[in-house]
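Heads up: the structure comes next, in structure tokens.
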Amino acid sequence: MALTLTEKILSAHLVEHATLPNRGDDIAIRIDQTLTQDATGTMAYLQFETIGIDRVKTELSVSYIDHNTLQEDYKNMDDHRYLQSLANRYGLWFSRAGNGICHQVHLERFGKPGKTLLGSDSHTPTGGGIGMIAIGAGGLDVAVAMGGGAFHLAMPKVKGVLLTGELKEGVSAKDIILEVLRRETVKGGVGCVYEYFGPGVQSLSVPQRATITNMGAELGATCSIFPSDSNTRAFLEAMGRPEDFTALEADEGASYDAVIEINLSKLTPMAAQPHSPDSVIEISKIAGKKVTQVAIGSCTNSSLNDLAAVAAIVKDKHIAEGVEAGISPGSRQTLLLAEKTGVLGELIRAGFRILESACGPCIGMGFAPNSAGVSLRTFNRNFKGRSGTPDAEVYLVSPETAAIAAITGVISDPRHTASDLNARKAEYLRNQTASFRDDGMLIAPLPEAEAQKIEILRGPNIKPCPASPELPDTLELPVLLKAGDNVSTDDIMPAGAKVLPLRSNIPEISKFTFERLDPTFFARASAAAGCFVLGGENYGQGSSREHAALAPMYLGVRAVIVKSFARIHKANLINYGIIPLVLDDASAYDALLQNDVLEFTGIRNSLERGLPFVLVRKSDGHTVKAKNDLDERSRKILLAGGLAAWTRQGGQ
Ligand code: MIC
Ligand code: SF4
């Protein structure tokens with residue numbers, strides 16, 4: 001049977017089935033590589049330590065420092081030291097603070113076509129740009145994979161994205177993924193892999209493909225993937241590792257569950273308007289709007305290719321008065337190359353503030369916009385308040401669109417403002433040394449005998465991960481929060497400079513739970529002896545942060561009742577013993593109110609036998625029915641009181 005590329009790689013990694021099961025069924029796959037970053041890493045490694053393994057069992061595991069680098073006090077660097085000592089002790093690579101954003105560095109240094117990668121960050125699918133099945137997950141799932149355990153997921157549907165034509169000058173890879181988001185929305189990709197194919201693929205370099213697979217996370221997709229071809233070979237050669245290349249593509253005649261066609265020649269520059277990545281509009285429709293800030297970088301658009309496009313536009317020009325503009329290069333290697341090719345000098349001269357090679361403004365770690373400011377960002381998320389300024393308007397755009405706004409002070413269509421852009425960009429890229437590699441800030445795994453002697457360094461901010469409660473058969477609890485559609489993990493557990501340093505300390509970070517939606521939630525939950533949370537469609541979209549499950553669990557949330565869930569968050573809830581309930585009939589949501597007390601009986605029986613769930617409102621006996629759409633393994637995990645307890649009982 002002719003297979004898609006996704007099916008080929010998944011088949012080659014199946015651990016329980018001989019052939020691929022039906023779409024939606026539970027599959028278990030072997031994980032070749034893992035990555036973690038510091039904001040999710042400390043919890044992941046605290047869990048990994050409890051598994052009791054002497055050395056990671058993957059082909060390669062890397063621990064990156066890129067999120068928490070503001071270091072206002074001891075906490076962040078204490079975490080860095082914990083992570084470094086842990087990497088040394090257990091046979092991981094370690095990417096030091098300053099070396100760059102995990103996804104960009106992983107693409108440059110470690111990504112290999114045909115391999116599986118699991119990362120404790122939702123943008124891990126960036127690796128699909130180099131032909132990997134690269135999936136984001138909670139830290140606990142990544143810890144299990146590092147210990148040699150399989151990763152379980154629902155067998156995804158494979159949506160083919162047929163690319164034809166070629167991008168016009170001034171139109172960018174970012175505009176391709178914005179077009180996919182416009183058509184598919186932030187929940188259109190749940191349970192799907194987006195596989196790109198067709199003649200238009202050839203015109204896209206690996207960094208351009210990685211922009212697209214990176215932001216596939218915003219579709220809610222399991223991951224996205226491109227074939228591995230001559231452009232992949234050229235990229236790996238430029239990275240000094242041609243031996244990692246393998247050619248890969250879908251079989252001739254492979255069939256997709258659905259096909260979307262995009263003619264690249266017809267695309268125009270676009271923007272995602274505040275406050276959602278799928279609120280996409282053509283730039284021409286918002287041209288002329290005044291801009292106060294421009295931020296270029298993040299794991300979506302911070303490659304040399306992106307910085308060269310910016311340099312080509314701002315050459316001999318200056319940042320407009322009234323605009324602050326900053327650049328965070330994706331990796332230290334990109335920064336070095338920007339210096340070698342003349343790109344960096346151009347950016348400095350134009351007035352860009354050169355920020356660290358790290359996540360930085362993307363996660364509200366500095367460079368927040370002014371109040372009610374208009375910030376154009378080349379990033380992937382524009383949820384309200386994520387920038388650090390609650391009333392700022394954040395637009396997600398391509399580097400070209402961002403660069404033109406930086407010099408003109410208004411949103412402008414890059415097709416009209418720049419001529420011979422591609423030639424000028426190519427000029428910089430020609431200066432790039434054929435093969436360039438800088439591993440100076442990577443620490444390789446220690447040999448086993450040496451690793452055994454390493455002492456793990458734990459600062460006072462690192463508190464043990466709290467245990468999940470046992471699952472009772474009956475719960476009678478109030479709905480302490482009624483939230484709407486598309487609640488993001490930033491809404492459940494904000495990030496930013498104030499909260500991120502508390503990622504290793506659940507009791508402290510739990511004080512910020514739902515802060516953006518209802519600042520009284522923490523006090524109300526602390527006073528109650530447990531509660532439920534009610535939400536709408538696509539609950540838990542966005543990040544992989546398991547703190548959005550851990551902190552609610554710590555505050556006594558026992559079930560979350562919604563119209564639909566985002567994939568990673570639902571898995572995190574299960575892993576920490578919170579029951580994810582999907583309303584049988586979405587209209588039942590309207591009948592429920594905040595503070596309703598619900599009686600939830602026969603919980604264990606429903607889980608053991610896969611039966612639907614029934615809750616009854618105490619005040620009037622109104623019945624609420626919820627689906628039991630959980631696979632057998634998830635039900636067993638919930639019955640055991642979470643993944644850690646289940647693993648201790650021998651579950652796999
Ligand atoms: C994000 O972009 O929201 C983050 C910060 O990278 C998160 C991870 C985290 O919350 O630590 C993600 O995307 O998973
Ligand atoms: Fe970092 Fe932003 Fe990418 Fe998340 S989306 S990994 S915060 S750069």
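In each ligand, atom 1 is the first atom listed, and ligand 1 is the first ligand listed.
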Output the list of atoms in ligand 2 that are nearer than 4.0 Å to some heavy atom of [X], sorted by atom number.
X	value
H123	5 (S)
I363	7 (S)
N380	5 (S)
H103	6 (S)
D121	6 (S)

Using distance alone, with no hydrogens and no angle criterion, decide if [X] and [Y] have a side-chain donor and acceptor under 3.5 Å apart.
X	Y	value
Q208	T211	no
D306	N301	yes
R209	S224	no
H569	E546	no
S120	T40	yes

Any idea which atoms of ligand 1 are less than 4.0 Å away from a heavy-atom of [X]?
X	answer
I363	3 (O), 5 (C)
R545	1 (C), 3 (O), 5 (C), 9 (C), 10 (O)
A39	11 (O)
S544	12 (C), 14 (O)
H67	4 (C), 5 (C), 6 (O)
S543	3 (O), 7 (C), 8 (C), 9 (C), 10 (O), 12 (C), 13 (O), 14 (O)

Is the closest side-chain heavy-atom distance between [X] and [Y] below 4.5 Å?
X	Y	answer
V144	L643	yes
S302	S328	no
L46	R458	yes

Sub-4.0 Å heavy-atom contact, H547 with ligand 1 =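 So H547 does not count as touching ligand 1.
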Of all the heavy atoms in M493, does at least one lie under 4.0 Å from an atom in ligand 1?
->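 Distance cut 4.0 Å: M493 fails for ligand 1.
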Pick one of side chain, backbone, both or neither for how D121 approaches ligand 1, counting any non-hydrogen atom pair under 4.0 Å.
->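 D121 to ligand 1: contacts from backbone and side chain alike.
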For ligand 1, note which part of Q37 has a heavy atom under 4.0 Å away: side chain, backbone, both or neither.
->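 It is the side chain that gets close, since no backbone atom is under 4.0 Å.
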With ring centroids as reference points, do F522 and F512 lie under 6.0 angstrom apart?
->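 Not under 6.0 Å, so no.
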Are W93 and Y64 close enough that their ring centres sit under 6.0 Å apart?
->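 Centroid distance W93-Y64: not below 6.0 Å, so no.
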Please work out whether the ring planes of F48 and Y45 are parallel, tilted or perpendicular, with thresholds of 30° and 60°.
->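 Correct class here is perpendicular.
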Any idea which protein heavy atom is nearest [atom], and the distance to it?
atom	result
atom 1 (Fe) of ligand 2	C359 SG, 2.3 Å
atom 2 (Fe) of ligand 2	C362 SG, 2.3 Å
atom 4 (Fe) of ligand 2	H67 NE2, 3.8 Å
atom 8 (S) of ligand 2	C299 N, 3.3 Å

Does the N or O separation between [X] and ligand 1 drop below 3.5 Å for any pair?
X	result
D490	no
T40	no
R386	yes

Heavy atoms of other groups near K384 NZ, more than 12 under 6.0 Å |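 Yes, enclosed.
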Does Q71 use its side chain to pair, donor to acceptor, with the backbone of D73 at less than 3.5 Å?
->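 Such a contact is absent between Q71 side chain and D73 backbone.
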